[in-house]
Amino acid sequence: MSLAKRIIPCLDVDNGRVVKGVKFVDIRDAGDPVEIARRYDREGADELTFLDITATHDNRNTMVHVVEQVASQVFIPLTVGGGIRTLDDIRRMLNAGADKVGINSAAVFNPEFVREAAQRFGSQCIVVAIDAKKTSAVGEPDRWEIFTHGGRKGTGINAIEWAIKMVDYGAGEILLTSMDRDGTREGFDLPLTRAISSAVTVPVIASGGVGNLDHLAEGVLEGKADAVLAASIFHFGEYTIEQAKQQMRSRGIEVRLA
Amino acid sequence: MSSVAVIDYGMGNLHSIAKALHVVAPETDVHVVSDAASILAADRVVFPGVGAIRDCMQALEHTGLSEVIKIVAQTKPFLGICLGMQALLTDHEENGGTAALNILPGHVVHFAKSLADSNGNPLKIPHMGWNQVHYKVHPLWENIPQDSRFYFVHSYFAKPNDPTMVAASTQYPDDFACALSQDNVFAVQFHPEKSQAVGLQLLKNFLHWNGQA
């Protein structure tokens with residue numbers, strides 16, 4: 001008996017529709033968020049993450065509506081990220097039925113925002129999303145840096161030190177995306193995942209690069225992730241969540257089976 | 001028509017719990033309320049909550065709901081969830097020690113630092129995700145398979161003075177009380193409103209419960 005490792009499908013949402021970016025460009029339409037959320041719930045998804053990828057002011061209302069609709073029909077934890085910049089953004093999403101919010105750029109620009117958010121709403125609902133890219137040269141010890149703007153802008157901040165700082169400021173969970181692997185289908189950056197997961201006391205969700213079911217198991221077994229997040233392998237019907245769980249279980253990982 | 005009051009005292013999202021109650025029992029009147037009269041008038045009461053205990057207790061004192069909760073916890077089927085469970089104990093370690101409602105005598109304590117699982121991997125805090133619930137027979141577990149997984153997210157857990165109050169336990173890595181029961185009061189550390197089918201079943205059982213173990 002122990003805590004199950006989680007599988008979290010991620011739905012990228014643009015103006016109320018689910019899409020999936022490959023390296024954040026070249027987007028394909030994969031459908032209606034409520035429909036997809038219900039399908040994942042039936043298949044045994046442990047949580048759902050919605051990433052609002054447009055996050056213009058008008059579309060924020062659309063996202064609130066999407067969260068309300070999903071939360072009325074799907075009774076598993078929901079995380080919403082993308083464009084969360086103020087305490088009011090967080091309050092609106094939580095009131096709409098989200099359980100957690102993902103904070104990314106706003107944490108980089110103003111780390112105190114994470115502290116204020118955790119104090120106001122509790123660490124349990126504050127997920128700090130970290131986009132990291134390897135910046136060490138071949139032969140040097142591994143080093144990863146925080147990037148913003150969908151991986152285009154470096155910040156000079158060391159990813160491991162940043163993760164530790166964010167937990168100290170009140171993050172209850174870390175969503176770690178490798179910008180080198182995102183959209184490549186080559187698997188997680190396992191050394192990065194392991195380095196961050198070993199450095200912090202809170203759960204770490206591995207993200208970026210999943211192309212097959214073995215990658216999910218590797219994220220847990222070698223990356224020491226507490227949860228694994230994937231989008232495209234589920235959206236286009238290549239694999240079901242249930243197949244993913246059976247595969248993880250066959251590798252000796254404890255999962256929740258319906 | 002029977003009615004259930006979900007107590008709104010500004011501590012967290014009540015949308016999900018209200019929706020879940022409505023889904024499992026469309027014939028029940030679900031009210032999300034913050035006034036004493038509505039809570040006292042309902043047939044059943046749900047006391048949810050997330051966040052920090054000091055904010056929770058301040059909100060309860062500020063609104064005068066502490067006394068109302070103490071009354072309904074003696075008189076009608078009552079379900080505490082997450083922080084709404086922890087607030088029922090006597091005191092809580094968070095925020096340098098905080099006095100709570102003392103409806104269920106006992107303490108709320110933090111998970112020990114540097115815990116490890118059986119493979120030697122460090123256990124993360126908060127305890128977050130789906131873990132197994134091993135229960136003792138009680139009407140609220142009806143039609144729920146033994147050792148089902150429910151969704152947890154918490155860093156503190158309840159230690160009741162009276163071990164017979166423990167209605168279910170979970171391992172992380174040691175056993176802790178994830179559900180407590182005393183007469184008409186039932187309390188769970190996990191989130192039934194986020195625990196899919198088994199969670200909805202527990203809420204349904206609560207709405208049919210007469211308040212007797």
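Values reported hereafter were calculated over all heavy atoms of this structure, with side chains retained and with hydrogens, waters and symmetry mates removed. Reminder, nothing fancy here: chain letters follow the sequence lines and each chain counts from 1. Here the structure is a predicted model, which means the values were calculated and not measured.
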Open item on the list: Quick check on the interface: out of Q73(A), R120(A), Q119(A), K100(A), who has the most heavy-atom pairs with chain B under 4.5 Å?
Closed with: K100(A)
- [ ] Could you grab the distance from atom OG of S72(A) to atom NE2 of H15(B), nearest 0.5 Å is fine?
- [x] 4.0 Å
Open item on the list: If I take atom CD1 from residue I125(B) and atom OG from residue S123(A), how far apart are they, to the nearest 0.5 angstrom?
Closed with: 12.5 Å
Open item on the list: Please check if the number of heavy atoms outside R38(A) that lie under 6.0 Å from its CZ is greater than 12.
Closed with: no
Task: 4.5 Å side-chain heavy-atom contact, F75(A) and V23(B) - done: yes
- [ ] Flag the pair E254(A) / Q132(B) as yes when at least one side-chain heavy-atom distance between them is below 4.5 Å, and no otherwise.
- [x] yes
TODO: Heavy-atom distances under 4.5 Å only: say whether A98(A) touches chain B with side chain, backbone, both or neither.
DONE: backbone
- [ ] Could you check which of G129(B), A18(B), P145(B) has the highest count of heavy-atom pairs closer than 4.5 Å to chain A?
- [x] G129(B)
TODO: Give, for atom CG of D99(A) and atom OH of Y151(B), the distance between the pair rounded to the nearest 0.5 Å.
DONE: 7.0 Å
Open item on the list: Heavy-atom pairs under 4.5 Å with chain B: which of G122(A), A71(A), A4(A), P77(A) has the most?
Closed with: P77(A)
Task: More than 12 heavy atoms of other groups within 6.0 Å of K159(B) NZ - done: no
- [ ] Answer yes or no: does atom CD of E242(A) have more than 12 heavy-atom neighbours from other residues, nucleotides or ligands under 6.0 Å?
- [x] no
Open item on the list: Rounded to the nearest 0.5 Å, what separates atom OG in S16(B) from atom CG in L94(A)?
Closed with: 10.0 Å
Open item on the list: If I measure from the heavy atoms of chain B, does V255(A) come under 4.5 Å with its side chain, its backbone, both, or neither?
Closed with: backbone
Open item on the list: Would you say that H154(B) contacts Q124(A) through its side chain, given a criterion of any heavy-atom pair below 4.5 Å between the two side chains?
Closed with: no
Open item on the list: Quick check: under 4.5 Å, non-hydrogen atoms only, which of residues 185-203 of chain B neighbour chain A?
Closed with: E193(B), K194(B), S195(B), Q196(B), L200(B)
Open item on the list: Rounded at 0.5 Å granularity, tell me how far CG in L257(A) sits from CH2 in W130(B).
Closed with: 12.5 Å
Task: Under 3.5 Å donor-acceptor, K124(B) side chain and V202(A) backbone - done: yes
Open item on the list: Less than 4.0 angstrom from a charged side-chain N to a carboxylate O is my criterion; do K19(B) and E68(A) meet it?
Closed with: no
Task: chain A contact via P126(B) - side chain, backbone, both or neither, heavy atoms under 4.5 Å - done: both
Task: H110(B) NE2: over 12 foreign heavy atoms closer than 6.0 Å - done: yes
TODO: Assess whether atom CZ of R115(A) is packed by more than 12 heavy atoms of other residues, nucleotides or ligands within 6.0 Å.
DONE: yes
TODO: Using non-hydrogen atoms and a 4.5 Å limit, figure out which bit of R256(A) sits close to chain B: side chain, backbone, both or neither.
DONE: both
Task: Residue part contacting chain B, namely of A227(A), when any heavy atom lies under 4.5 Å - done: neither
Open item on the list: To the nearest 0.5 Å, what is the distance between CG on D226(A) and CG on L123(B)?
Closed with: 9.5 Å
TODO: Decide if atom NE2 of H31(B) counts as having more than 12 heavy atoms of other residues, nucleotides or ligands within a radius under 6.0 Å.
DONE: yes
Open item on the list: Can you tell me which portion of A20(B) sits under 4.5 Å from chain A's heavy atoms? Options are side chain, backbone, both or neither.
Closed with: both
- [ ] Would you mind checking which part of S198(A) comes under 4.5 Å of any heavy atom in chain B, side chain (CB onward), backbone (N, CA, C, O), both or neither?
- [x] neither
